[in-house]
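Notes follow the structure.
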Number of protein chains: 2
Amino acid sequence: MATGRTHRPATRSRGIPEATVARLPLYLRALTALSERSVPTVSSEELAAAAGVNSAKLRKDFSYLGSYGTRGVGYDVEYLVYQISRELGLTQDWPVAIVGIGNLGAALANYGGFASRGFRVAALIDADPAMAGTPVAGIAVQHTDDLDRIISDNGVSIGVITTPPGAAQQVCDRLVAAGVTSILNFAPTVLSVPDGVDVRKVDLSIELQILAFHEQRKAGEEAAADGRTAVDPDTEEAPPMRATPAGRKGPDGDMPAVMPA
Amino acid sequence: MATGRTHRPATRSRGIPEATVARLPLYLRALTALSERSVPTVSSEELAAAAGVNSAKLRKDFSYLGSYGTRGVGYDVEYLVYQISRELGLTQDWPVAIVGIGNLGAALANYGGFASRGFRVAALIDADPAMAGTPVAGIAVQHTDDLDRIISDNGVSIGVITTPPGAAQQVCDRLVAAGVTSILNFAPTVLSVPDGVDVRKVDLSIELQILAFHEQRKAGEEAAADGRTAVDPDTEEAPPMRATPAGRKGPDGDMPAVMPA
DNA sequence: CTATCTTTGTGCACGCGTTCACAAAGACAT
DNA sequence: ATGTCTTTGTGAACGCGTGCACAAAGATAG
């Protein structure tokens with residue numbers, strides 16, 4: 001830039017769209033790969049392809065961070081890596097606590113991708129007294145009773161919940177009370193938290209159900225296109241009408257057969 | 001290639017918005033809980049609260065499925081459970097194959113929430129010959145060489161990828177070639193697939209980075225509100241200017257120090 | 001049957017995010 | 001210096017999703 005404009009356009013900094021924030025890690029990953037291959041610069045077109053997004057979208061996203069590109073050339077890889085890292089807050093250390101060391105919790109503790117970007121598994125917490133002291137991924141599991149102290153002592157502000165659904169809200173409350181203000185929830189439960197606390201949820205079951213919806217739709221369309229009997233759910237109707245006013249579902253649990261008058 | 005076609009107006013079927021589809025599993029979960037408590041009917045207000053959404057949004061979502069409520073009363077729980085299950089395609093069996101039986105893959109195989117809704121782990125596949133035959137979650141792991149046959153024999157149309165990032169695209173290609181049309185990707189990679197194949201990604205690292213962004217922002221605002229030195233990233237500037245035109249990042253891997261003229 | 005009360009279903013307006021399309025900016029060659 | 005060529009940065013239009021607010025529908029009571 002001619003005038004070396006490194007200053008924010010006033011209130012612009014607070015206005016990074018959420019959708020853009022969600023894509024920054026994607027760009028960062030692609031840029032890191034380029035960096036490792038010692039590629040000095042990339043065009044928006046190339047980077048967009050690597051990140052799997054539209055190039056116009058990418059340019060607009062970067063424009064929110066400031067103008068870090070050079071027209072006619074592209075973006076400097078190393079510089080962008082730094083800028084995005086800084087914007088995402090990855091230049092600092094983020095101690096993370098995982099609560100609920102079952103199959104999933106243990107897998108996450110062992111997951112390499114975790115530590116790779118400034119996130120450090122600072123503590124593993126479980127409600128089972130028998131697990132206390134057991135090392136998982138090289139870290140001794142601690143008991144829930146000490147949750148408060150553990151969070152405080154380690155300065156944890158990001159908590160990961162991998163408990164059974166029944167315990168999630170309670171654990172969440174305790175984490176928040178202890179000072180955690182960001183939560184990544186793997187339990188299939190809707191967590192309620194006070195203002196100022198961010199919750200992001202990862203739900204395998206929901207993802208699969210969304211895929212199933214599209215899968216079913218594809219199957220229906222395909223059958224229709226083949227001239228065969230459509231399997232389209234809207235055509236297939238024949239829903240279960242009322243059985244008995246007090247009818248309950250069977251022990252199976254998922255195939256009801258009741259409907260109001 | 002990725003340019004794809006433009007003649008796909010998002011959701012084409014009976015016009016159920018994608019955002020609505022993503023919420024249906026949420027409603028279903030809340031409804032199932034009510035069903036287990038033998039609650040006969042719910043109002044949109046109650047159900048919305050249980051699902052953590054706005055009641056108007058919920059009503060509008062349901063309106064896309066048809067009018068299944070009764071004014072002045074609410075919705076019949078059992079009936080709604082069935083309607084949503086049917087719409088999502090959960091009344092049928094979905095055999096799922098998990099490829100990459102490491103920490104995460106094994107955890108998923110053991111995850112109970114998987115089988116709970118019509119999804120059945122039909123096969124576990126791994127590239128390590130030493131794992132072949134080893135039972136995980138009661139299922140013998142099979143070798144990647146037989147991927148094609150395994151998918152076909154079990155009629156798998158949904159695949160879950162939990163391999164290291166380097167192998168993900170290759171595994172994806174093989175799954176698609178074998179007939180899989182829906183993929184749930186846990187590997188931190190952008191998968192490219194032909195039209196007609198749906199991919200959903202679950203990325204722990206990205207979720208954490210998004211949380212870190214907001215966490216950093218909160219910390220900055222709080223500091224500013226306290227009248228102390230702001231930690232606002234845009235104020236903190238002092239970016240790394242050019243080092244040497246050929247300067248590369250250190251072995252550490254994340255703190256570059258280069259910038260173009 | 002009429003009146004009142006509850007709750008659904010939806011028309012409408014608004015805001016966010018995406019995409020197009022192009023002018024401006026800079027590199028590079030002559 | 002001038003011209004050409006490449007690529008960024010962004011104004012503007014568009015479409016989707018959200019939430020308000022209310023009329024219509026039905027239950028319920030008298």
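Note on naming: letters A, B, ... go to the chains in the order of the sequence lines (proteins, then strands), and numbering restarts at 1 for each one.
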Checklist entry - What integer distance in Å separates B/Glu18:CD from D/dC16:P? => result 12 Å
Item to check | Between D/dT8 (P) and A/Leu47 (CG): distance, integer Å | outcome: 10 Å
Checklist entry - From A/Leu204 CG over to A/Phe186 CZ, what is the distance, rounded to the nearest 0.5 angstrom? => result 8.0 Å
Item to check | Side-chain donor-acceptor contact under 3.5 Å, A/Gln209 with A/Ser205 | outcome: yes
Next on the checklist: Are A/Tyr79 and A/Tyr68 an aromatic pair, judged by ring center distance below 6.0 Å?
Outcome noted: yes
Next on the checklist: Without decimals, in angstroms, what is the distance between B/Tyr64 OH and C/dT10 P?
Outcome noted: 10 Å
Checklist entry - In whole Å, what is the span from the CG atom of B/Leu65 to the P atom of C/dT8? => result 15 Å
Checklist entry - Is A/Arg71 side chain donor-acceptor paired with the D/dT8 base, going by distance under 3.5 Å alone? => result yes
Next on the checklist: Rounded to whole Å, how long is the line connecting atom NZ of B/Lys57 with atom C1' of C/dC16?
Outcome noted: 13 Å
Checklist entry - For B/Asp76 and C/dT8, what is the distance between atoms CG and P respectively, to the nearest whole Å? => result 13 Å
Next on the checklist: Measuring from atom SG of A/Cys172 to atom CG of A/Leu191, what distance do you get when rounded to the nearest 0.5 angstrom?
Outcome noted: 4.5 Å
Next on the checklist: Please report the distance, rounded to the nearest Å, between CZ in B/Arg59 and P in C/dG11.
Outcome noted: 14 Å
Next on the checklist: In this structure, how many angstroms lie between the P atom of C/dG17 and the CD1 atom of A/Ile16, rounded?
Outcome noted: 12 Å
Next on the checklist: Using a distance-only criterion (donor-acceptor N/O pair, under 3.5 Å, no hydrogens), is the base of C/dG9 paired with the side chain of B/Lys60?
Outcome noted: no
